[in-house]
Structures are given as structure tokens and as C-alpha cells.
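Numbers restart at 1 for each chain; the letters A, B, ... are given by sequence-line order, proteins then strands.
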Amino acid sequence: MHRSFSQNVLELTARVPKGMVTTYADIARALGTGAYRAVGRALQTNPSTKTYPCHRVVKSTGELGGYFGETSGPAILAKKSLLEKEGVQVTDNRIVNFAEKHFRFSKPRFYK
DNA sequence: CTCATGACTTTTT
DNA sequence: AAAAAAGCCATGA
């Protein structure tokens with residue numbers, strides 16, 4: 001069964017447990033590619049934040065990254081709020097204790 | 001098909 | 001430590 005790259009990005013996003021985060025690079029790697037930037041692009045068209053909690057996807061550096069196309073401003077504040085509501089602290093645009101909150105995908109998956 | 005673009009990442013200043 | 005440059009690749013025009 002072939003799923004599009006974007007579709008797989010969304011499905012992996014849905015796997016991240018509440019209170020944990022993953023990164024754009026992790027998702028790309030889990031799909032067997034290095035298309036980190038394309039991951040962000042795929043999330044930009046997220047059809048449902050309920051189904052796909054894309055606020056749990058952050059940068060490899062532990063910084064927040066973007067939300068709904070915005071890299072700063074109100075959208076990012078919303079992302080921060082959602083994370084803190086789940087117990088992930090954010091200070092100065094960064095995940096506090098990033099290593100402990102970092103969810104790792106168990107096995108690589110391929111979409112092709 | 002080619003080309004530019006971006007919710008990125010890593011290396012180099 | 002902070003900023004810039006270079007590298008990455010799926011997607012849409």
C-alpha cells in the first residue's frame with residue numbers, strides 16, 4: 001500500500017504520546033529520507049490538529065519551530081500553550097529538558 | 001520536465 | 001555564544 005509522504009508524516013505525528021515531542025528530522029528519518037524541510041511543509045496542511053497533534057513536532061535543537069506556517073507570533077504562543085498543558089515546559093522558545101521529553105520512533109518505516 | 005520554496009539541520013565563521 | 005552559509009528533498013507551479 002502506498003501512502004504519500006505527507007500522509008505518513010501525519011500518521012507518525014499521531015503516534016507521539018501526550019507529554020512528549022519529536023522532531024522534523026526524526027519523522028523524516030523514520031520514513032527513510034532526509035526531507036526534514038518537507039516534513040514541516042506537510043504539517044502546514046495538517047487537516048486536523050485533533051487527529052494529528054502537530055504541536056508535538058519541534059526542531060532538533062529543542063526550539064519550538066513553527067505552527068501553521070508561522071515561525072513567531074500568536075501561532076507559536078498557542079503551540080507553547082498546548083505543550084505546557086501536557087506537561088512539557090517551554091522557556092524562551094525552547095523545550096525544557098528536551099532529552100527526557102524526546103520520543104523516539106521504534107522502527108523505521110517506508111512509504112514507497 | 002525544470003525551478004523555487006520552506007513549521008529544517010549541520011557546519012563553519 | 002550567535003549568526004551565516006551550505007546542504008537537504010518533497011511539493012506545487
Item checked: Candidate list A:Ile27, A:Thr22, A:Val57, test side-chain contact (heavy atoms from CB on, under 4.5 Å), partner A:Val16, passing option -> A:Thr22

Note to self: Taking A:Ser4's backbone N and O only, do any of them form a donor-acceptor pair with A:Asn8's side chain (distance below 3.5 Å, no angle check)?
What the structure shows: yes

Note to self: For DNA chain C, please output the secondary structure as dot-bracket, reading 5' to 3'. Pairs are Watson-Crick or G-U wobble, both atom distances under 3.5 Å; mark crossing pairs with [ ], other-strand partners with |, unpaired with a dot.
What the structure shows: .||||||.|||||

Notebook entry, point to check: What about A:Tyr67, does its side chain sit under 3.5 Å from the base of B:dA7 through a donor-acceptor pair?
Noted result: no

Note to self: So, using side-chain hydrogen bond (donor to acceptor under 3.5 Å, both in side chains) as the criterion, who are the partners of A:Ser48 when residues are at least two apart?
What the structure shows: A:Thr51

Notebook entry, point to check: Is A:Ser6 touching bases, backbone alone, or none of the nucleic acid, heavy atoms closer than 4.0 Å?
Noted result: sugar-phosphate

Checklist line | Residues that A:Glu63 engages under side-chain contact (heavy atoms from CB on, under 4.5 Å), provided they are two or more places apart | finding: A:Lys59, A:Thr61, A:Asn93, A:Arg94

Margin query: For A:Thr71, give me all partners under side-chain contact (heavy atoms from CB on, under 4.5 Å), at least two apart in sequence or on another chain.
Written below: none

Notebook entry, point to check: Measuring from A:Phe105:CZ to A:Leu31:CG, what's the distance to the nearest 0.5 Å?
Noted result: 8.5 Å

Item checked: Set of residues satisfying side-chain contact (heavy atoms from CB on, under 4.5 Å) with respect to A:Lys18, sequence neighbours excluded -> A:Arg56, A:Glu86

Note to self: Which residues in residues 74-98 of chain A have a heavy atom closer than 4.0 Å to any atom of DNA chain B?
What the structure shows: A:Lys79

Check: Which residues satisfy the ring pair (Phe, Tyr, Trp, His ring centres under 6.0 Å) test with A:Phe98, sequence neighbours excluded?
Finding: A:His102

Checklist line | Closest contact, heavy atoms only, A:Val88 versus A:Gly19 | finding: CG2-O, 3.3 Å

Mind listing the N/O atom pairs, protein and nucleotides 3-8 of chain C, below 3.5 Å?
unit_1	atom_1	unit_2	atom_2	d
C:dG7	O6	A:Arg37	NH1	3.3

Next item on the list: Let me know the distance between CG of A:Leu31 and P of C:dT11, rounded to the nearest Å.
Entry: 10 Å

Check: Taking OP1 and OP2 of B:dT9, is either one under 4.0 Å from a side-chain nitrogen or oxygen of A:Ser60?
Finding: yes

Checklist line | Qualifying residues under salt bridge (Lys or Arg N to Asp or Glu O under 4.0 Å), relative to A:Glu70, sequence neighbours excluded | finding: none

Item checked: Protein-nucleotide distance (A:Phe68, atom CZ; B:dG6, atom P), rounded to Å -> 18 Å

Next item on the list: For A:Gln44 and C:dC9, give me the distance from atom CD to atom P, rounded to whole Å.
Entry: 20 Å

Item checked: Along DNA chain B (nearest heavy atom to each residue), the more 5'-positioned of A:Gly66 and A:Thr61 -> A:Gly66

Next item on the list: Keeping the roles fixed (side chain from A:Lys101, backbone from A:Ile95), state whether a donor-acceptor pair exists under 3.5 Å.
Entry: no

Check: What is the distance from atom OH of A:Tyr52 to atom CG of A:Leu10, rounded to the nearest 0.5 Å?
Finding: 5.5 Å

Check: If you look only at pairs with a residue in residues 3-34 of chain A, which of them pass as a ring-ring contact (aromatic ring centres under 6.0 Å, His included), with sequence neighbours excluded?
Finding: A:Phe5-A:Tyr111

Notebook entry, point to check: How long is the line joining CZ of A:Arg41 and C1' of C:dA13, in whole Å?
Noted result: 11 Å

Note to self: Distance check needed: C:dT11 P versus A:Gln7 CD, whole Å only.
What the structure shows: 11 Å

Next item on the list: Output all residues satisfying side-chain contact (heavy atoms from CB on, under 4.5 Å) with A:Gln44, sequence neighbours left out; order by chain, then residue number.
Entry: none

Check: Looking across every strand, which nucleic acid part, if any, lies under 4.0 Å from A:Phe5 by heavy atom: base, sugar-phosphate, or nothing?
Finding: sugar-phosphate

Next item on the list: Could you identify which residues of residues 45-59 of chain A place a heavy atom less than 4.0 Å from some atom of DNA chain B, listed by residue number, or say none?
Entry: A:Cys54, A:Lys59

